[in-house]
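Take a look at the structure set out below.
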Amino acid sequence: MPELPEVETIVRGIRPRLLGRRIRDAEVRWARTLGGLTRPEFDRRVVGATVAAVWRRGKHIAIDLERRGRPAGCLLGHLRMSGRLQVEPRAADPGPYARVRLGLGRGEVLTFVDVRKFGRLRFVADARAALARLGPEPLGPGFTAAWLRRGLRDRRRMLKPLLLDQTFLAGLGNIYVDESLHRARLHPSRRSDSVPAAAAERLWAEIRAVLSEAIEREGSSFDTFYRTPAGRPGSYQASFRVYGRDGDACRACGATIRKLVVGQRGTHVCPRCQRAPRSAIIPAP
DNA sequence: AGCTACTCCTGGTAGC
DNA sequence: TGCTACCAGGAGTAGC
């Protein structure tokens with residue numbers, strides 16, 4: 001599923017192909033992808049505008065628009081589970097899962113492809129306001145070891161659901177949470193306020209390391225959904241230590257990786273590396 | 001405050 | 001082989 005590293009890879013790939021381009025037309029094949037705006041309203045806001053900037057915040061893709069050199073709102077994309085955003089020749093067969101296509105001139109289109117229809121490509125007048133509820137960027141200056149230590153201490157939630165909560169920290173999903181927790185040797189069901197300072201600091205460092213390495217590898221591909229803008233699979237899946245490895249040996253200690261459910265989410269742990277005091281584990285229902 | 005359950009969707013797969 | 005039933009999975013919302 002596209003998480004921060006995959007979204008970052010996509011943004012880096014499409015940015016040079018979108019900057020300065022004018023949106024000539026919009027073809028909407030699945031209206032819900034627009035997230036509420038009617039097609040005529042979406043058309044009115046988007047067609048004729050020029051792309052001024054392309055950036056990422058958490059798992060969101062922001063495409064700033066302008067008209068006559070003045071800011072004119074933003075296309076805010078979220079790929080959810082199966083979304084893809086790609087610049088391609090208009091003549092290319094969009095396939096059955098293309099939900100929105102935006103004409104860019106020069107025979108090119110920006111296509112939002114999404115098998116499961118959970119993704120969104122919304123027009124918003126003010127992107128910063130739309131993203132205001134998100135927590136800090138894990139690779140940005142606002143995410144410090146001290147901030148995380150305090151954030152864990154001040155809540156009484158299971159670590160995994162807390163790290164998945166985008167209003168706490170923006171950009172982590174199921175894969176990179178499991179990987180980060182394993183590398184920090186912390187159990188996903190552990191109560192956040194039971195984590196000692198040293199372990200919180202470890203978690204901070206591992207979250208940043210996992211995300212940085214995954215960006216270097218252009219994200220993770222293990223099904224047909226995620227591809228880089230160049231059409232290649234990412235390669236970080238080869239570095240997974242726990243995700244999708246249930247039944248295999250832990251690369252750190254040799255114990256068998258287990259799959260369990262934490263907060264209704266499939267979760268991968270090494271039962272030896274990720275132990276915690278019984279009192280600190282929030283029991284499954 | 002923080003949990004579970006439910007919703008949105010479809011392709012893939014387990015089970016028969 | 002062909003069928004059905006169920007599941008995964010981000011995020012929002014409702015209810016406890």
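Naming: A, B, ... by sequence-line order, numbering from 1 per chain. Values in this document were obtained by computation on a predicted structure and should not be read as measured data.
Contact check, A/Arg155 against B/dG2: no side-chain N or O comes under 4.0 Å of OP1 or OP2. Dashed line: the shortest gap from a side-chain N or O of A/Arg32 to OP1 or OP2 of B/dC9 is under 4.0 Å. Listed pair A/Tyr243 / C/dG9 meets the phosphate criterion, a side-chain N or O lying under 4.0 Å from OP1 or OP2. Taking only side-chain nitrogens and oxygens, A/Gln166 never comes nearer than 4.0 Å to OP1 or OP2 of C/dG10. The side chain of A/Tyr97 contributes an N or O atom lying less than 4.0 Å from OP1 or OP2 of B/dG11. Contact between the side-chain N/O atoms of A/Lys117 and the OP1/OP2 oxygens of B/dC8 is not found at any separation under 4.0 Å.
Residue-level contact check: A/Arg157 touches the backbone only, with heavy atoms under 4.0 Å from sugar-phosphate atoms and none from bases. Residue A/Gly173 is classed as having no contact, given no heavy-atom separation below 4.0 Å to the nucleic acid.
Of the charged side-chain nitrogens involved, at least one lies within less than 4.0 Å of a carboxylate oxygen, so that A/Asp178 and A/Lys160 count as a salt-bridged pair. Ion pair A/Glu218/A/Arg12 not flagged as a salt bridge, since none of the NZ, NE, NH1 or NH2 atoms sits closer than 4.0 Å to an Asp/Glu carboxylate oxygen. Between A/Arg183 and A/Glu206 there is a salt bridge, with a side-chain nitrogen of the basic residue lying less than 4.0 Å from a carboxylate oxygen of the acidic one.
Using a 30° and 60° split on the angle between ring planes, A/Trp204 and A/Phe143 fall in the tilted class, from 30° to 60°.
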